[in-house]
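One structure is given here, and the rest of the page talks about it.
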Amino acid sequence: MKGKPLLTVFLALVLLLSACGTSGGNESVNTSNKQKSGTETSEGNAEASGKPTKLVWFSSIDFWNPPSVWSTDPNTVTGKITEKTGVTFEFNIPAQDGETKLNLMLVSGSDFPDIITITNDVLGKKLIEAGKVWELDEFIKKYDPESHLLQDFPADVKETIVARDGGFYAFPSHIGSEDARKQYPPAGEFYKDMTEYISNGAIVVNGNLLKEAGLTLDDIRTESGLLAAYQKIKDMNLKVNGAPVIPLLLDGKGYMYPTVGFLLDSFGYMPVDKDGNFRDSLLAPEMKLALKFLYKAQKGGYFDPGQMTVDNAAVKADMASGRVFSFIGNSANTSFQINDYWTSPGPILSDAGTKPVLGRNKRAGGGWMKTYISKSVENPEKVAKWLSFMSSREGMMLHIYGIEGVHYTLDQDGLVVKTEQGIKDAQEYMKTGVSAFWPFHHTSFSWSIQQPPNEKTDLQAVTANRVQTAYGKAPETHIYNNAAFGLPGDLFPPDSKFANDELQIKAYRESQITKIVMAKNDAEFEKQYEEMITQLKKLGIEQLIAEKNKYVQQKLKEYGLDVKGINS
């Protein structure tokens with residue numbers, strides 16, 4: 001999936017969510033056993049009496065920050081989860097290299113966690129092949145045979161997971177599919193628009209600074225107009241709280257994927273040419289257009305090269321400072337929606353005249369976050385009840401929205417209306433637990449149960465919608481079905497020449513693109529770009545493209561799709 005997930009209560013519900021920040025999950029949880037679980041029963045949960053079972057929940061997603069201390073106070077979200085299921089959690093979320101650490105645990109076999117949440121499909125297959133994790137249907141039938149999951153889990157989502165993994169091993173986050181929407185229809189046009197147009201990749205613009213500079217969104221809709229606006233901002237020497245305004249903020253040390261990726265979309269790159277054959281973005285002319293834009297921005301001094309080396313916490317801090325004029329990249333990694341002054345012109349229209357594109361996967365996804373249950377877990381009955389509860393209507397109402405009467409109320413149609421406390425606690429999810437459990441966020445459910453927001457009821461949601469649908473709604477944007485272009489991470493055997501070539505190309509890409517962007521003059525830009533094309537061909541990119549094209553053509557045929565590039 002391109003781009004991945006969403007970060008306050010609203011963005012965590014978006015299909016490619018992802019939030020960012022430093023890991024808050026490395027501390028030990030509250031190990032107190034003073035609070036006894038109750039014996040209440042409900043859909044998706046059962047009696048949870050006696051001493052709670054403490055489980056270790058590992059995640060490789062370093063910017064997912066659930067409460068580091070698990071409260072068992074029954075007036076809290078985590079306490080109610082414990083009350084309903086009889087479990088508490090200690091989170092193990094490494095600040096970096098989480099996948100490497102999980103691989104080491106997999107090899108050593110020691111200190112293997114009870115619950116594992118990752119995003120890497122290939123790593124998930126390693127867990128399965130090692131026999132470390134449960135097939136969930138088997139697990140639920142054995143330990144919670146009355147679970148709703150055996151009756152109402154979306155069939156199209158399960159089909160995707162089984163096709164990917166060989167079985168229903170991973171519980172997916174942010175479920176959104178045709179079958180899910182039949183079960184949970186969207187509550188209004190607002191959510192229908194989100195389903196059709198939402199995109200995390202965006203240019204996010206500070207409306208306050210835009211106005212202060214005497215500019216409008218129309219002034220920055222084109223490549224040349226945006227660069228001229230950057231120069232104007234720089235010449236005006238605008239400051240916020242005494243600090244100079246940042247004309248352009250890149251998406252941190254991984255910028256060449258979300259930032260360059262958005263520019264590629266804006267400038268018209270599609271993974272197929274006019275004949276429908278696969279093509280790699282590195283050799284596409286739109287890549288040169290994207291890199292030329294960043295080169296011009298660098299030459300103009302519109303961003304500090306140090307932005308290419310910082311982590312996401314620094315990106316979020318800059319966005320929160322109020323002194324960023326524009327950000328280009330994965331908007332879901334910024335928490336921009338906390339401030340209502342953010343807006344977007346949609347795509348950046350290339351001076352070359354290419355048409356912007358937006359790929360949308362019309363097939364059911366298999367989840368951004370993928371959660372596995374270890375076969376070595378103790379008290380599997382409690383874990384099965386926990387899984388059923390967290391995915392049930394009652395459980396989702398609790399961990400996504402909080403406590404009724406405190407964090408939300410229901411309107412006359414039974415739709416959720418967030419209270420001020422609910423919005424505040426969702427922003428502080430790392431402490432409160434409200435909207436903190438992203439692995440169990442269910443997009444279709446949330447968009448069926450939430451009152452469609454307005455500026456009075458949920459300004460953050462309106463802000464996020466304004467920014468993240470601007471690209472898709474733009475009249476110039478060509479939307480196409482990209483379901484056939486999601487190449488699996490293990491397409492090539494790890495010991496094959498193709499896999500080795502791909503690793504070399506990835507490493508070369510990550511060094512050479514920065515050299516191109518940081519070129520000292522036009523001549524050096526051209527020289528570095530041509531060197532990249534030459535070296536990529538030496539590294540075997542054309543042979544890789546030919547092999548990938550076989551897979552793409554197979555999937556296009558399988559899915560009944562006819563997709564052609566419109567700019568190539």
#### Entry: Whether S59 side chain and T117 backbone form a donor-acceptor pair below 3.5 Å
yes

### Message
Could you check whether Y401 and S446, counting side-chain N and O atoms only, form a donor-acceptor pair closer than 3.5 Å?
### Response
yes

### Separation between CD1 of I175 and CZ of R181, rounded to the nearest 0.5 Å
12.0 Å

### Message
Could you walk me through whether Y197 and L358 satisfy the side-chain contact (heavy atoms from CB on, under 4.5 Å) test, starting with their C-alpha distance in whole Å, then the side-chain angles of each, then the deciding distance to 0.1 Å, before giving a yes or no?
### Response
CA-CA 9 Å; Y197 300 115; L358 176 62; 5.8 Å; no

### Message
Give me the atom names and distance for the closest heavy-atom approach of A202 to V467.
### Response
CB-CG1, 4.3 Å

### Query
Is there a side-chain contact between D280 and L544, using heavy atoms and a 4.5 Å cut-off?
no

## Note on the structure
Shortest non-hydrogen pair, D62 vs P94, comes out as CB-O, 3.4 Å

## Note on the structure
Between D490 and V122, the two heavy atoms sitting closest are N-CG2, 3.5 Å

### Task
Give, for atom OH of Y559 and atom CZ of R363, the distance between the pair rounded to the nearest 0.5 Å.
4.5 Å

Which pairs of donor and acceptor atoms, one on a side chain in residues 126-133, lie under 3.5 Å apart (sequence neighbours left out)?
none

#### Entry: By ring pair (Phe, Tyr, Trp, His ring centres under 6.0 Å) - contacts of F278 (at least two apart)
none

### Task
Kindly state each residue pair satisfying salt bridge (charged side-chain N to carboxylate O under 4.0 Å, His left out) with at least one member in residues 551-560, sequence neighbours excluded.
K555-E558

### Message
side chain to side chain donor-acceptor pair (under 3.5 Å), that's the test. Do D156 and S177 meet it? Break it down for me.
### Response
CA-CA 7 Å; D156 52 358; S177 71; 2.8 Å; yes

### Message
Which residue is it: N481, N482, V552? I am looking for the one with a side-chain contact (heavy atoms from CB on, under 4.5 Å) to L561.
### Response
N481

### Task
Check whether any side-chain heavy atom of D121 lies under 4.5 Å from a side-chain heavy atom of K370, and answer yes or no.
yes

### Closest non-hydrogen atom pair, V157 against P172
CG1-CG, 3.9 Å

### Message
Does any part of the side chain of D111, heavy atoms only, come nearer than 4.5 Å to the side chain of V56, both counted from C-beta?
### Response
no

### Task
Please report the shortest heavy-atom distance between A180 and S444, naming the atom on each side.
CB-OG, 3.5 Å

### Heavy-atom neighbours of D413 CG exceed 12 at 6.0 Å
yes

### Task
Indicate whether any N or O donor in one side chain lies under 3.5 Å from an N or O acceptor in the other, for W342 and S331.
no

### Query
Aromatic rings F437 and H399: how do their planes relate, parallel, tilted or perpendicular, breaks at 30° and 60°?
perpendicular

### Message
Working note: E510 + K506, criterion salt bridge (Lys or Arg N to Asp or Glu O under 4.0 Å); need CA distance, chi angles, decisive distance, verdict.
### Response
CA-CA 6 Å; E510 293 183 356; K506 182 177 185 292; 2.8 Å; yes

### Message
With a 4.5 Å cut-off on side-chain heavy atoms, are K385 and V87 touching?
### Response
no

### Task
For the pair F168 and F153, name the ring-plane relationship: parallel under 30°, tilted 30 to 60°, perpendicular over 60°.
tilted

### Task
Report the C-alpha distance between W57 and W64 in whole Å, list the side-chain angles of each, state the deciding distance to 0.1 Å, and finish with yes or no for ring pair (Phe, Tyr, Trp, His ring centres under 6.0 Å).
CA-CA 12 Å; W57 192 341; W64 175 42; 5.2 Å; yes

### Query
For the side chain of T82 and the backbone of T78, is there at least one donor-acceptor N/O pair under 3.5 Å apart?
yes

### Message
Return the CD1 to CH2 distance between I400 and W438, rounded to the nearest 0.5 Å.
### Response
13.0 Å

### Message
Could you work out, with side chain to side chain donor-acceptor pair (under 3.5 Å) as the rule, every residue matching S496, not counting sequence neighbours?
### Response
none

#### Entry: Distance, nearest 0.5 Å, that separates OH of Y143 from CG of N379
10.5 Å

### All side chain to side chain donor-acceptor pair (under 3.5 Å) counterparts of E420, not counting sequence neighbours
none

### Message
What I'd like to find out is whether the side chain of T463 reaches to under 4.5 Å of the side chain of F336, using heavy atoms alone.
### Response
yes

### Query
Would you call the rings of F485 and Y480 parallel, tilted or perpendicular if under 30° counts as parallel and over 60° as perpendicular?
tilted

### Task
Check side chain to side chain donor-acceptor pair (under 3.5 Å) between K80 and all other residues, then give those that pass, not counting sequence neighbours.
none

### Query
Do K316 and N333 have side-chain heavy atoms sitting under 4.5 Å apart?
no

### Task
Supply the atom-to-atom distance L55 CG to K382 NZ, rounded to the nearest 0.5 angstrom.
9.0 Å

### Task
Examine distances only and state if a side-chain atom of T334 and a backbone atom of N330 form a donor-acceptor pair shorter than 3.5 Å.
no

### Query
Mind checking what makes ring pair (Phe, Tyr, Trp, His ring centres under 6.0 Å) contact with F112, not counting sequence neighbours?
none

### Task
Applying side-chain contact (heavy atoms from CB on, under 4.5 Å), run through K473 and D193 and close with a yes or a no.
CA-CA 9 Å; K473 284 184 172 181; D193 281 353; 3.1 Å; yes

#### Entry: Stepwise side-chain contact (heavy atoms from CB on, under 4.5 Å) test for L398 and F389
CA-CA 10 Å; L398 171 65; F389 176 72; 4.0 Å; yes

### Summary
Hits for side chain to side chain donor-acceptor pair (under 3.5 Å) against D165, two or more places apart or cross-chain, chain-then-number order -> none

### Query
Roughly how far apart are Y169 OH and K125 NZ, rounded to 0.5 Å?
12.5 Å

### Message
Quick one, L136 with L387, criterion side-chain contact (heavy atoms from CB on, under 4.5 Å). Give me CA distance, side-chain angles, the key distance, then yes/no.
### Response
CA-CA 10 Å; L136 295 181; L387 181 65; 4.2 Å; yes

#### Entry: Electrostatic pair D179-K158, nearest N-O below 4.0 angstrom
no

### Enclosure of E378 CD (heavy-atom neighbours >12, cutoff 6.0 Å)
no

### Task
Please list, chain by chain and in numerical order, all residues satisfying ring pair (Phe, Tyr, Trp, His ring centres under 6.0 Å) with F440, sequence neighbours excluded.
F171, W386

### Check: D73 main-chain N/O paired with T76 side-chain donor or acceptor under 3.5 Å
yes

### Query
If you take all heavy atoms of S388 and H148, which pair is closest and at what distance?
O-NE2, 2.9 Å

### Task
Count the heavy atoms belonging to other residues, nucleotides or ligands that lie under 6.0 Å from CD of E381, then report whether that count exceeds 12.
yes

### Query
Do other residues, nucleotides or ligands put more than 12 heavy atoms under 6.0 Å from the NZ atom of K362?
yes

Just list the side-chain donor-acceptor pairs under 3.5 Å for residues 95-106, sequence neighbours left out, or say none.
from	atom 1	to	atom 2	distance (Å)
E99	OE1	N120	ND2	3.2
N103	ND2	E99	O	3.2

### Summary
Residue set satisfying ring pair (Phe, Tyr, Trp, His ring centres under 6.0 Å) with F498, at least two apart, ordered chain then number -> F492

### Message
Under the rule for side chain to side chain contact (heavy atoms under 4.5 Å, CB included), what residues qualify as partners of Q451, not counting sequence neighbours?
### Response
D411, L415, V417, T457

